[in-house]
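Residue numbers begin at 1 in each chain, while the letters A, B, ... track the order of the sequences.
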2 protein chains.
Amino acid sequence: MKANTKRQTRQLQVIWEAIKDEKSHPSADQVYEKVRRVMPSVSLGTVYRNLQKLVADEKLQVVTVGRTQRFDPTVEKHEHFICEACGRVYDFFVDSKRKIFSSSLPSEAFTVTSHQLALYGKCKSCQG
Amino acid sequence: MKANTKRQTRQLQVIWEAIKDEKSHPSADQVYEKVRRVMPSVSLGTVYRNLQKLVADEKLQVVTVGRTQRFDPTVEKHEHFICEACGRVYDFFVDSKRKIFSSSLPSEAFTVTSHQLALYGKCKSCQG
DNA sequence: TTTGATGCAAATCATTTGCATGGGT
DNA sequence: ACCCATGCAAATGATTTGCATCAAA
C-alpha cells in the first residue's frame, strides 16, 4: 500500500481484505456487496475509488468482460479464459508469448507496452 | 446480406455503405455521424440495431476499446493493436496462433471457441 | 489543523428498449 | 395486408463526479 494510496482508511483496508484472496474475478458491485456485509455504511463510489487505487498501486489487475470491469488480485502477467456459458473467468499462464508477439507486430515502428489475450469458450463446469 | 437481415431498408444500405471500406474502426456514434450526412433523419438506435445485424451476419467484427464497441469490416481472423496515445486501432495478422493457444489452455476440459488478442502501445504516428 | 477520503446523489457514457408509426415484401 | 424496422425518448447498466462533511496524518 503506497504510491497512489495516501491514507490508510478503514474502507480501503476492508476492500482489500474482501478481494485479496478472491479467485472469482469479482465486479465492483460484487466487491461492494461483500464489503457491505462487514461495513454496511460503505458507498459504491468509495468501492470504485479504492479499486482504482489498488489497480494504480498494482495490487489488482483489471479484466474487462463485456462492458464490466472485473478485478483480479493475481498481478503476475497472465491470460484469461472467459466461459461464455457461466461468465466465470479463469487465469492461465503462457510462457512463450514474447517471441510470438515481437514477430508479428504491424511494424517495428509500433511500440508495444502491454497486451491482453482472452480465450472464450466453455469451461469444464459447463460442458455437455 | 441475409441470415438475420430480413428487410433491405434504406438505412441498412446507407449504414453498410458508410462502414464497409472504413479502416478507422469507428464507434457506433461515429458511424451515426457519418450516416447522418447522407440521411439526416436516421436515429442512433437504428444505427445500433443495424450494426448488430451486420455483426450477426458476419459482415462486421467488433473490437472493444475501453468501454466502447468499435466496428471493423475486416472479418478475416486477425488481431488488433490499440494506440494508447491517439486511440487508433490497427489490424494485424498472426499465423502461428493455433499452436500457441492449444498448448497453453488451463486444461483439456476447456473448449475454446474464439479468442481476442490486443496489443497496447504507441503507434508509429505517436512516437517521440 | 490540514487536506485527502467518504457518503450521497446526480451526472455521464455507451447501449438498449418500449411503443406508435412507417415502409418492405 | 402483414409485420419487421424505424424514430423518438425514456430506461438501463456501469462507472464517474461534485460537494459538503469526516477523519487520517
Side-chain angles (χ1 to χ4, degrees), chain A residues 1-19 24-57 59-72 82 87 89, chain B residues 1-19 24-57 59-72 82 87 89:
Chain A
M1 230 74 83
K2 36 156 196 180
N4 283 274
T5 299
K6 307 207 169 178
R7 283 181 193 185
Q8 191 64 12
T9 63
R10 177 148 157 61
Q11 12 289 86
L12 176 58
Q13 290 164 15
V14 173
I15 289 164
W16 174 241
E17 281 302 314
I19 197 171
S24 67
H25 303 76
S27 63
D29 213 75
Q30 291 169 327
V31 173
Y32 174 57
E33 290 307 331
K34 186 167 178 185
V35 168
R36 241 148 135 37
R37 287 184 224 130
V38 55
M39 182 186 267
S41 64
V42 77
S43 76
L44 182 56
T46 294
V47 170
Y48 270 101
R49 280 183 286 231
N50 280 302
L51 288 172
Q52 278 174 189
K53 280 182 193 173
L54 291 166
V55 170
D57 283 353
K59 311 213 57 152
L60 291 180
Q61 251 185 241
V62 179
V63 203
T64 301
V65 180
R67 216 152 278 102
T68 309
Q69 318 248 106
R70 297 179 53 174
F71 300 88
D72 188 346
I82 297 161
V89 177
Chain B
M1 228 74 81
K2 34 155 198 178
N4 284 274
T5 299
K6 306 208 168 177
R7 285 181 191 182
Q8 192 62 11
T9 62
R10 178 149 158 59
Q11 11 290 83
L12 175 58
Q13 289 164 16
V14 173
I15 289 164
W16 173 241
E17 280 304 314
I19 197 170
S24 67
H25 304 76
S27 63
D29 212 75
Q30 290 170 328
V31 173
Y32 173 58
E33 290 306 330
K34 187 168 178 184
V35 169
R36 240 148 136 36
R37 288 184 222 129
V38 57
M39 182 186 267
S41 64
V42 77
S43 77
L44 182 57
T46 294
V47 171
Y48 270 100
R49 280 182 286 231
N50 280 301
L51 288 173
Q52 278 174 188
K53 280 183 192 171
L54 291 166
V55 171
D57 285 352
K59 311 211 58 152
L60 291 180
Q61 250 185 244
V62 179
V63 203
T64 300
V65 180
R67 217 151 277 103
T68 309
Q69 318 249 106
R70 297 180 54 173
F71 300 87
D72 188 346
I82 298 161
V89 177

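Residues passing the side-chain contact (heavy atoms from CB on, under 4.5 Å) test with A:F71 are A:I19, A:A28, A:L51, A:V55, A:L60, A:V62, A:Q69, sequence neighbours excluded. Residues satisfying the side chain to side chain donor-acceptor pair (under 3.5 Å) criterion with B:T46, sequence neighbours excluded, are B:S43. Applying the side chain to side chain donor-acceptor pair (under 3.5 Å) criterion to B:Q11, with sequence neighbours excluded, gives no partner residue. B:T68 pairs by the side chain to side chain donor-acceptor pair (under 3.5 Å) definition with nothing, not counting sequence neighbours.
Phosphate proximity of C:dG4 to A:K53: absent, as no side-chain N or O sits under 4.0 Å from OP1 or OP2. OP1 or OP2 of C:dG7 has at least one side-chain nitrogen or oxygen of A:T46 nearer than 4.0 Å.
Pairs passing the salt bridge (Lys or Arg N to Asp or Glu O under 4.0 Å) check and including a residue from residues 8-18 of chain A, sequence neighbours excluded, read A:E17-A:K20. Sorted by first and then second residue, the pairs that involve residues 28-43 of chain B and meet salt bridge (Lys or Arg N to Asp or Glu O under 4.0 Å), not counting sequence neighbours, are B:E22-B:K34, B:E33-B:R36.
The distance from atom NE2 of B:H25 to atom CG of B:D72, rounded to the nearest 0.5 Å, is 3.5 Å.
Between B:V89 and B:V65, some side-chain heavy-atom pair lies under the 4.5 Å cut-off.
The nearest whole Å value for the distance from the CH2 atom in A:W16 to the C1' atom in C:dA5 is 19 Å. Rounding to whole angstrom units, CD of residue A:Q13 and C1' of C:dT6 are separated by 14 Å. If you take OH of B:Y32 and C1' of C:dT15, they are 14 Å apart, rounded to a whole angstrom. The distance between atom CD1 of B:I15 and atom P of D:dG7, rounded to the nearest whole Å, is 8 Å.
Between A:R7 and A:L12 the shortest heavy-atom distance is O-CD2, 3.9 Å. Between B:R67 and A:R67, the shortest heavy-atom distance links the atoms CG-CG, 4.3 Å. What you find for B:I15 and B:V47 is that their closest heavy atoms are CD1-CA, 3.8 Å.
Contacts between residues 34-42 of chain B and DNA chain D, defined by a heavy-atom separation below 4.0 Å, involve B:S41, B:V42, listed by number.
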Going through the checks in order, is the side chain to side chain contact (heavy atoms under 4.5 Å, CB included) test met by B:V31 and B:N50?
CA-CA 11 Å; B:V31 173; B:N50 280 301; over 6 Å; no

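Each end of the helix from C:dT1-D:dA25 to C:dT25-D:dA1 gets its own axis, taken as the rotation carrying the C1' atoms of four end pairs onto the next four within a five-pair window, and the two axes meet at 30° to the nearest 10 degrees.
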Scan nucleotides 20-25 of chain D against the protein and return all N/O pairs shorter than 3.5 Å with their distances rounded to 0.1 Å.
residue : atom : partner : partner atom : Å
D:dA25  : OP1  : A:Q8    : N            : 3.0

Nucleotide N/O of nucleotides 13-17 of chain D paired with protein N/O under 3.5 Å:
residue : atom : partner : partner atom : Å
D:dT15  : OP1  : A:Q69   : N            : 2.6
D:dT15  : OP2  : A:Y48   : OH           : 2.6
D:dT15  : O5'  : A:Y48   : OH           : 3.4
D:dT16  : OP2  : A:Q52   : OE1          : 3.0

